[in-house]
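Order of listing sets the numbers, starting from 1, for every ligand and every atom in it.
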Amino acid sequence: MDYISTRGNAPVLDFEGATLAGLASDGGLYVPAEWPRFSESEIAGMAGLPYAELAARVMAPFVGTSLTYERLLELTTQAYGRFAHKAVTPMVQLDEQHWVLELFHGPTLAFKDVALQLLGLFFEEFLSRSERNLTIVGATSGDTGSAAIDAVAGRAKVDVFMLHPEGRVSDVQRRQMTTVLAPNVHNIAINGSFDDAQAMVKRMFNDKDMTDRFAIGAVNSINWARLMAQVVYYFAAAVQLGAPQRKVAFSVPTGNFGDVFAGYVAAKMGLPIEKLIVATNVNDILHRALSSGDYSQGTVTPTAAPSMDIQVSSNFERLLFDLGGRDGAAMAAQMKGFEADKAMQLSNAQREGAAALFQSARTDADEMASTIRWAWENCGELIDPHTACGLFAARTAGIDASVPVVTLATAHPAKFPEAVERSTGHRPSLPARVGDLFDREEKCVKLPGDYDAIAAFVAEHASPKA
Ligand SMILES: Cc1ncc(COP(=O)(O)O)c(C=O)c1O
Ligand SMILES: N[C@@H](CCOP(=O)(O)O)C(=O)O
């Protein structure tokens, strides 16, 4: 499979190249040159497969010749063997129409583990084929950071520098990052928002002084391999609920548009999806874009769902590129306009294309709290504030009663115990596997939200390319 940049001016790469490159050299994002498609009988044949095998089947067309099918299956078996639930991503039924897809059974209790456990293994595999060292630079609003660090801590030939907005992640999220003391892990708390951190990460990929000396790599969902691994659980859930004979809708708590874009990819591959509901908190740039075509960056408001406190959604570019006829030059011009004005309008083709599959909703603080309470009082389920945004959107979406609606549960409630306790009176406890988190030593540097300071820190601590 070839990978092309959404901005049309970067080398075409294979899967291995796109995985190691992260961001394209023209500032765009890599996407597959075409969408592979499964037939109805191939989708029907996925029913009952162990998760690791389903994952290998769904991802094989994207991986192409970069790995043999047998090796891919070995890696998925290893990655998903670390999950605490045999089903890897089990589903819980809430009522006649609503289901919750639990994506938090990995080592760091958030959906990011599903992709990052595998990405860590891909890095190791591909780096073993050359003399190259990889310098991963990432931005996190809490969950990507801990999942990425768990996936690469102590691995040879990889250094990871993880930027998080100081004071804007939960205590559990911060400690999951800062208590990992492996010498190749560098936590950086910046004075700024997640968007500031993400902008600095993207800038480093285009900083010639840095890219001449270091092979900069990505663990954020700008890296295509992240999204590819997330496509799998849409198939897993839909097939359990009767696909391909029956359509399913998904409600997805959304920030950087990665998780829900993986749902779009599943639909492109032939999975019958009735609707993808894009659920934001009050940081609602995506809700505004999808409901009125207005993609304009507001200021970030801190919420009880901090991992979604995002106002520039990287992966939206992938959707706009696909819906806009895959015109790299036009996409580059549209994004240049956005970077200059902090605002852009979607074209008619982009708006109409999106409306065919997506709808959206915004959840405020009261709606989040009342949804957490509803799930506890009516279904006996503790859900975290991010999942609550998804469930609120699902329950108010007006999807036909004959269509099952699956809300993606993106984090374990114990990552956000205060918000859950405020709504339910019940404090969720951390699973035993992370139980001593609050007794561990922390290591983190604080830097100003200033690109030069971050680049200097990375340059001082990273291993040169080769
Ligand atoms: C718990 C949680 N829910 C939802 C999201 C949003 O996912 P995405 O950025 O892929 O839209 C994130 C992080 O982004 C998250 O950590
Ligand atoms: N919510 C994320 C933000 C980064 O998103 P990513 O999916 O692009 O890595 C986080 O938890 O860090």
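Of all atoms in ligand 2, numbered sequentially from 1 with element shown, those under 4.0 Å from a heavy atom of Thr144 are 2 (C), 4 (C), 5 (O), 6 (P), 7 (O), 9 (O), 10 (C), 11 (O), 12 (O). Counting atoms of ligand 1 from 1 in the listed order, those under 4.0 Å from a heavy atom of Ala411 are 1 (C). Within the listing of ligand 2, atoms 3 (C), 4 (C) sit less than 4.0 angstrom from a heavy atom of Phe194.
Under 4.0 Å from ligand 2, the heavy atoms of Arg226 that appear belong solely to its side chain. Contact annotation: for Asn256 versus ligand 2, heavy atoms closer than 4.0 Å belong to the side chain alone. Looking at Lys112 against ligand 2, only its side chain comes within 4.0 Å, counting heavy atoms.
For Lys415, the closest heavy-atom approach to ligand 1 does not fall below 4.0 Å. Residue contacts with ligand 2 include Ser141, since one or more of its heavy atoms lies under 4.0 Å from the ligand. The shortest heavy-atom distance from Gly142 to ligand 2 is under 4.0 Å. Residue contact annotation: Val260 has no non-hydrogen atom under 4.0 Å from ligand 1. Residue-ligand proximity: Gln173 is placed with every non-hydrogen atom at 4.0 Å or more from ligand 2.
Sequence neighbours left out, not one pair with a member in residues 162-185 passes ring pair (Phe, Tyr, Trp, His ring centres under 6.0 Å).
Judged by the 6.0 Å distance and 45° axis criteria, Arg427 is not positioned over the aromatic ring of Trp376.
Taking any N or O of Gly258, backbone or side chain, at least one lies under 3.5 Å from an N or O belonging to ligand 1. Checked against a 3.5 angstrom limit, the closest N/O atoms of Ser141 and ligand 1 fall outside it.
Nearest to atom 10 (O) of ligand 1 among the protein's heavy atoms is Asp259 N, 2.9 Å. Shortest contact from atom 4 (C) of ligand 1 to any protein heavy atom: Pro253 O, 3.5 Å. If you check which protein heavy atom lies closest to atom 11 (O) of ligand 1, you get Gly255 N, 2.8 Å. Annotation: atom 3 (N) of ligand 1 to nearest protein heavy atom, Thr410 OG1, 2.8 Å. Shortest contact from atom 13 (C) of ligand 1 to any protein heavy atom: Lys112 NZ, 2.9 Å. Of all protein heavy atoms, the one closest to atom 12 (O) of ligand 2 is Thr140 OG1, 2.6 Å.
Two residues are said to be in side-chain contact when any heavy atoms from C-beta on lie closer than 4.5 Å; Val158 and Ile136 meet this criterion.
Judged by distance alone, the side chains of Ser307 and Gln173 do bring a donor and an acceptor atom under 3.5 Å apart. A donor-acceptor pair shorter than 3.5 Å cannot be found between the side chains of Thr179 and Glu442. A donor-acceptor contact closer than 3.5 angstrom links the side chains of Gln198 and Asn256. Using modelled atom types and a 3.5 Å distance limit, the side chains of Ser296 and Asp294 yield a donor-acceptor pair.
Of the listed options Ser314, Ser221, Gly258, Ser221 places a heavy atom closest to atom 8 (O) of ligand 2. For atom 7 (O) of ligand 1, the choice among Phe416, Phe111, Phe104, Phe261 with the nearest heavy atom turns out to be Phe111. The heavy atom nearest to atom 1 (C) of ligand 1, considering only Thr140, Leu109, Asn220, Asp143, is found in Asp143. Residue nearest to atom 11 (O) of ligand 2, selected from Asp143, Asp195, Ile310, Thr410: Asp143 (by heavy-atom distance). For the residues Val278, Val169, Asn256, the heavy atom positioned nearest atom 8 (P) of ligand 1 is part of Asn256.
The aromatic rings of Phe261 and Phe257 sit tilted, their planes meeting at an angle between 30° and 60°. Ring pair His386/Phe416 is tilted by interplanar angle, where 30° to 60° counts as tilted.
Within a 6.0 Å sphere centred on NZ of Lys443, other residues, nucleotides and ligands contribute more than 12 heavy atoms.
When ring centroids are compared, Tyr295 and Phe338 come within the 6.0 Å threshold. With ring centers used as reference points, Phe15 lies 6.0 Å or more from Trp224.
Under the rule for a side-chain hydrogen bond (donor to acceptor under 3.5 Å, both in side chains), Asp450 has no partner lying at least two apart in sequence or in another chain.
Looking at Arg326 and Asp322, a side-chain N of the basic residue comes within less than 4.0 Å of a carboxylate O on the acidic one, giving a salt bridge.
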